[in-house]
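To keep things clear, I will list the structure first and then write my remarks on it.
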Number of protein chains: 2
Amino acid sequence: MVRARGANVAAGPTLAVVAREAGVSVPTASKVVNGREDVAPETRRRVTEALDRLGYVRRPRFAGAPGLVDLVLHPLDSSRSGAVLSGVEAAAYEAGLEVVVSAAPARGRDARSEQGWLDKLTARGSSGVLFHTAEPSAAQYAWLDHHRIPYVLIDPVHEPPAGVVSVGAANWQGGVCATGHLLELGHERIGVIAGHRRTLAGEARLAGYRSALASAGVRYRPEYVRHADSDEAGARLRTHELLDLPEPPTAVFVCSDRMALGVYAALAEREVRVPEEMSVVGFDDLPEARWTAPALTTVRQPLAEMAATALRLLVRMTHGERPEGTRTELSTRLVRRASTAPPPTARPTAYGPVTAQRPTA
Amino acid sequence: MVRARGANVAAGPTLAVVAREAGVSVPTASKVVNGREDVAPETRRRVTEALDRLGYVRRPRFAGAPGLVDLVLHPLDSSRSGAVLSGVEAAAYEAGLEVVVSAAPARGRDARSEQGWLDKLTARGSSGVLFHTAEPSAAQYAWLDHHRIPYVLIDPVHEPPAGVVSVGAANWQGGVCATGHLLELGHERIGVIAGHRRTLAGEARLAGYRSALASAGVRYRPEYVRHADSDEAGARLRTHELLDLPEPPTAVFVCSDRMALGVYAALAEREVRVPEEMSVVGFDDLPEARWTAPALTTVRQPLAEMAATALRLLVRMTHGERPEGTRTELSTRLVRRASTAPPPTARPTAYGPVTAQRPTA
DNA sequence: CTGAAAGCGCTTACAG
DNA sequence: CTGAAAGCGCTTACAG
């Protein structure tokens, strides 16, 4: 049986062991660890190599010190990240842990800084790392495994390597719910604004859409499927494309609430009324979904709970336990608000061009 | 001259000093510090007292360990907090520091847990604390001063005690800008949805509104000023009150973008069109301001920059420097988008009752 | 319950 | 540049 990655208990070597291995004294090894300049290049290389090979991690100072868990967030300032942070913090508080937050090392920071981040992690002794959206690089995976620092992925964008523990949402089920809701209302021309291709969530939500159509016996139309860049601007563009179709849809399933904001903007520009002329369903149930006009019907994804679950899994891994499964999915559910209604009876077959271009900043 | 609070350099006593002071051995003092059970109550009391009197803080393990800065956020999951976190993290990264995030100890957590938080802080050796929105309690101020842990307040809600260093926004100026913009467009009947009374930002923004009216020679009408609970729901209610006035305003200055969402909701319920029938100006320039329909004209408050400034001040205080002033204000500026326009020429004097109550979740 | 003794994992100062 | 020696601030194990 394959050992779960990142599930080992730390009991690594001391500096003395590393020094012996490298054939130097403890003070010299100490200098290398602390990045002092007064070490011969060849000596530094030998020590670094030993440090690396043995997976050296500085000992936590003493048992009583509160454990530190790392949370890597990307971006730092989004509703999604806020929900994740809040879930992780609450669960960490319960577990007596504290949370160190950092931006994904990728964000405009080079490989050198990525290594710097890893160095800090081991220097201060992290109990484990939680990654949100931003997945670790191959080098990071290797380093973490090597230094026996456990980690869990929260809602990873792509399929993680085998054995990596992750927590996600029931995306396929959510796609089925959203589409099923529109079908029940009587829609048959249902568009989709999907996110990036080849992402876990994107593929699953789209598959849910197709499944729902299929089981309702509604024809799947490729021209109704538009992939956007997961942000408002992309979704806005794709919505215009849907409206330009000879036979535009009467409803759209938008694969994220953020993108739904872009869809709303496009519909406003074309003076298409929601939900009278177009029904819109989002995905995520971010705070803003309550305050759009009209309030957005959406699929609730329990981000905070997912984050809390990830923290708890991480704590168990810290104690040497191995989670039963490698992937945990929390269920999603439809939240009905004001952006969906039965299709217009008149059934317009085309919308005019952009009319009221409002000034924007 | 008054010494800035929280501006001391730590050089506190060691455990040995504390033990001598309490008349016990170092191991015994160590037990108390680590919360062991096997200490006589009277001994524990003496040690605790000495620990407290001397302001004991565990020594950071060694110079090379990355410093940890604490950020206390309330709430954890809001656009404001996201901006603050992102500003703090970026500046901390520049300074080689890492950020430990925690929820305001107040949030459903008792006094015991507040003390627990402070204990953790000193146990792991925090370089300093940044408070956002949630101000420290009197006990926390005392503890931090005593343990020589520096702190800075980011956009505090209330006037902080003398000597406390804080970073805020030019709220008065922002109020002047927002109101001035509406006046320039030709509005004379300008309502305000203000936040809580007796808050720093609230008072200043409202004062800015009054100053702008005064210098334009426009009459101040008390009935146009409504205080809400700083959230969407409160603002929504107050907006209905404004619309119910015999002579409702033709524009509203809303003292936060979050409240502006509530104002939009109320206006949609009454079928009052923005900006044709009602101009709306917000405050903050949160991400959502770009994606409301119509996009919100608002006063930009540089939250991330404010947070970064606070971090930098904190770092200087850590080095024993004392900032020149006790309060730093970053300037605000108007961001014109699509929610403001000249007043309607027809000038309706009253709006009907709620008509199209849309179903809500 | 207490504390002398030993020990931990490191760092620092300095002689070579 | 290197490392023996001394030291740091604490913790642990255990005798009393």
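Throughout, a chain's letter reflects where its sequence line sits, starting with A, and its residues are numbered from 1. Values reported hereafter were calculated over all heavy atoms of this structure, with side chains retained and with hydrogens, waters and symmetry mates removed.
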Rounded to whole angstrom units, what separation is found between the [atom1] atom of [X] and the [atom2] atom of [N]?
{"X": "Arg20(B)", "N": "dG9(D)", "atom1": "CZ", "atom2": "C1'", "answer": "14 Å"}
{"X": "Arg46(B)", "N": "dC1(C)", "atom1": "CZ", "atom2": "P", "answer": "14 Å"}
{"X": "Asp38(A)", "N": "dG16(C)", "atom1": "CG", "atom2": "P", "answer": "18 Å"}
{"X": "Lys31(B)", "N": "dC1(C)", "atom1": "NZ", "atom2": "P", "answer": "10 Å"}

Side-chain N or O of Thr28(B) versus OP1/OP2 of dG3(C): is the shortest distance under 4.0 Å?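 Answer is yes, contact under 4.0 Å.
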
Let's see if you can work this out: which of [options] has an atom nearest to the side-chain heavy atoms of [X]?
{"X": "Pro41(A)", "options": "dC1(D), dG3(C), dT2(D)", "result": "dC1(D)"}
{"X": "Thr14(B)", "options": "dC10(D), dA5(D), dA4(C)", "result": "dC10(D)"}
{"X": "Ser25(A)", "options": "dT2(C), dT2(D), dG3(D)", "result": "dG3(D)"}
{"X": "Ala40(B)", "options": "dT2(C), dT2(D), dG3(D)", "result": "dT2(C)"}
{"X": "Pro27(B)", "options": "dC10(D), dC1(C), dA5(C)", "result": "dA5(C)"}
{"X": "Leu15(B)", "options": "dC10(D), dT2(D), dC10(C)", "result": "dC10(D)"}

Asp145(A)/Tyr151(A) under side-chain hydrogen bond (donor to acceptor under 3.5 Å, both in side chains): CA gap, chis, key distance, verdict: CA-CA 9 Å; Asp145(A) 284 339; Tyr151(A) 50 86; 2.8 Å; yes

So do Arg327(A) and Leu200(A) actually touch side chain to side chain, heavy atoms under 4.5 Å?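 Yes; the side chains approach each other to less than 4.5 Å.
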
Under a 4.0 Å threshold between the charged nitrogen and the carboxylate oxygen, would Glu42(B) count as salt-bridged to Arg44(B)?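 The answer is no: the pair does not qualify as a salt bridge.
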
Look at Glu49(B) together with Arg53(B) and state whether they make a salt bridge at an N to O cut-off of under 4.0 Å.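 A salt bridge is present here (some side-chain N lies under 4.0 Å from a carboxylate O).
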
Pick the P atom in dT2(C) and in dA6(C), then give their distance to the nearest Å.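 It comes out at 22 Å once rounded to the nearest Å.
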
Once you apply the 3.5 Å cut-off to both distances, tell me the Watson-Crick or G-U wobble partner of dA13(D), or none.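 Pairing partner: none.
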
